[in-house]
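Notes to accompany the following structure.
Residue numbering restarts at 1 for every chain, and letters A, B, ... go by the order of the sequence lines.
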2 protein chains.
Amino acid sequence: MDFEPLGLATDLVILTVRDGRLQVLLIRRGIAPYQGRWALPGGFVRPDEDLETTARRELAEETGLSSDRIHLEQVATYGAPDRDPRGRVVSVAYLALVPDLPAPTAGSDAASAHWINTTDVDAGSLAFDHQRILADAVERARAKLEYSPLATAFCPPEFTISELRGVYEAVWGTPLDPRNFHRKVTKTTNFVEPVGSTTTRDGGRPAQLFHRGTATTLHPPMTRG
Amino acid sequence: MDFEPLGLATDLVILTVRDGRLQVLLIRRGIAPYQGRWALPGGFVRPDEDLETTARRELAEETGLSSDRIHLEQVATYGAPDRDPRGRVVSVAYLALVPDLPAPTAGSDAASAHWINTTDVDAGSLAFDHQRILADAVERARAKLEYSPLATAFCPPEFTISELRGVYEAVWGTPLDPRNFHRKVTKTTNFVEPVGSTTTRDGGRPAQLFHRGTATTLHPPMTRG
DNA sequence: ATAATAGTGTCTATAAGACAATATGTA
DNA sequence: TACATATTGTCTTATAGACACTATTAT
């Protein structure tokens, strides 16, 4: 079969929660097109490479995170004929959720990589159609926090209920009642499991440490304020 | 830029509810590979054609439905290197929800097209990775019925609450209490609007006719039995 | 009248959201 | 001690689900 000339790429929306804010990893483009503009990390799919393999490779290159325990999911595919001035390039967007990294952007390409508050990304400031991709991915993350235990993907392996609440507040951009949140999380079956130890790293009374439970969907779901 | 040889296609999961069952439109393949096997309708994206444009074109070819009011949404993209024996073909899957058609498969290619109960599609009976695509699309439809008014996409422009309930029961594969369902639908804001007239086409006491309301998400959501 | 479906009312258990009160650490 | 955060409890309101009951047509 002969095919039309076409490029296939993946773009990554890598989200984390730092300083109580939802942040995204962006790259300052060094070359045209859109030179000097912020863009999502991404690259072309190699021959014989699966789409998710490409995404994981790029995630490792940008963040140094090569673990397959990092949450990565496909969001959507963008293929408007004129979305890339270099030619027809179709991009499969992936969403990655990573914990607050002790060594941020430890990867190779990382000289130009920065964590940016998602609320600070102005309309029209990103290259290509990346503004739209970012918006779709953030909305996906917001929705999944309701009915999946995905918020734990932003946390270290052991976390307190307060820290988990901080994730929800950052992603949803809304304050939550600490007391109702605590009761709800601990009553939702298999959302979190107590580790048995406590920490005072958040100040105040020592808080129990939890790790992620076995649930894949939350019953009942968490509700957005 | 030069690109690796690569094909870009869209595949369609066209769902309807007929005879109280969730059915999918499948094509009997006339040529290799997978000659004689059932497959999802689909085809290659033309140069300068947007992905959704391709999907709508194929939807019209297979069903005769060219209206842009037909619900069509992207599900996911499948790109395993060996998913097509003819070479590297990446497929963007779309989900279409259509009402029970008075003239089924009125399109051109339609000689080999048939509505099949989704529950009758046996493991391994579909070409390529279409079994997986179908499963993903059906799960998407099931999930969206909970928090969106999408069930109305399976109904004619004017429908009764019973008919709407039949959609939920067919897609979810579970019976629902007619009385609680009625109250819930009519109390959910802007889910449905009464037309003002009634029909006896379902037998028994005349039922009010409704059309779809303005809501895009349901508050509160419908709950799966 | 009888059958069939439409639609309303009522009751109970569960969950959401507001917020008081208590617990246990650090400065 | 004062302060900060954790955790439990209580109350009100809303919703889910079960199910009795009434309403309106066709035959």
Can you give me the bend angle of the helix from C:dA1-D:dT27 to C:dA27-D:dT1? Use the axis through the first five pairs and the one through the last five, nearest 10 degrees. 10°

Cation-pi check for A:Trp38 against A:Arg29: NZ or CZ below 6.0 Å from the six-membered ring centre and within 45 degrees of the axis, yes or no? no

Has A:Arg83 got more than 12 heavy atoms of other residues, nucleotides or ligands less than 6.0 Å from its CZ? yes

Thinking salt bridges, do B:Arg140 and B:Asp136 make one under a 4.0 Å N-O criterion? no

Would you say C:dG7 has OP1 or OP2 under 4.0 Å from some side-chain N or O of B:His182? yes

Hits for side chain to side chain contact (heavy atoms under 4.5 Å, CB included) against B:Pro194, two or more places apart or cross-chain, chain-then-number order -> B:Gln208, B:Phe210

Heavy-atom closest pair, residues A:Ala170 and A:Leu22: O-CB, 3.9 Å

Treating primed atoms plus P, OP1 and OP2 as sugar-phosphate and everything else as base, which nucleotides of nucleotides 17-27 of chain C get B, S or - for protein heavy atoms under 4.0 Å? BBBB--BBS--

Non-neighbouring partners of A:Phe128 that pass ring-ring contact (aromatic ring centres under 6.0 Å, His included), sequence neighbours left out: A:Tyr34, A:His130

Within residues 151-165 of chain B, the residues having a heavy atom closer than 4.0 Å to DNA chain D are none

If you compare every side-chain N and O of A:Gln208 against the phosphate oxygens of D:dT7 (OP1, OP2), does one of them come in below 4.0 Å? yes

Pair B:Asp19, B:Arg21 - check salt bridge (Lys or Arg N to Asp or Glu O under 4.0 Å), show working. CA-CA 5 Å; B:Asp19 306 323; B:Arg21 302 296 194 91; over 6 Å; no

Is the closest basic N to carboxylate O distance between B:Glu73 and B:Lys144 below 4.0 Å? yes

Neighbour count above 12 (heavy atom, 6.0 Å) for B:Arg132 CZ: no

Taking ring-ring contact (aromatic ring centres under 6.0 Å, His included) as the test, write out the residues that go with B:Tyr168, two or more places apart. B:Trp172, B:Phe181

Output the rounded distance in Å from CG (A:Leu218) to P (C:dT14). 19 Å

Could you tell me the separation between the NE2 atom of A:His219 and the C1' atom of C:dT14, rounded to a whole number of Å? 15 Å

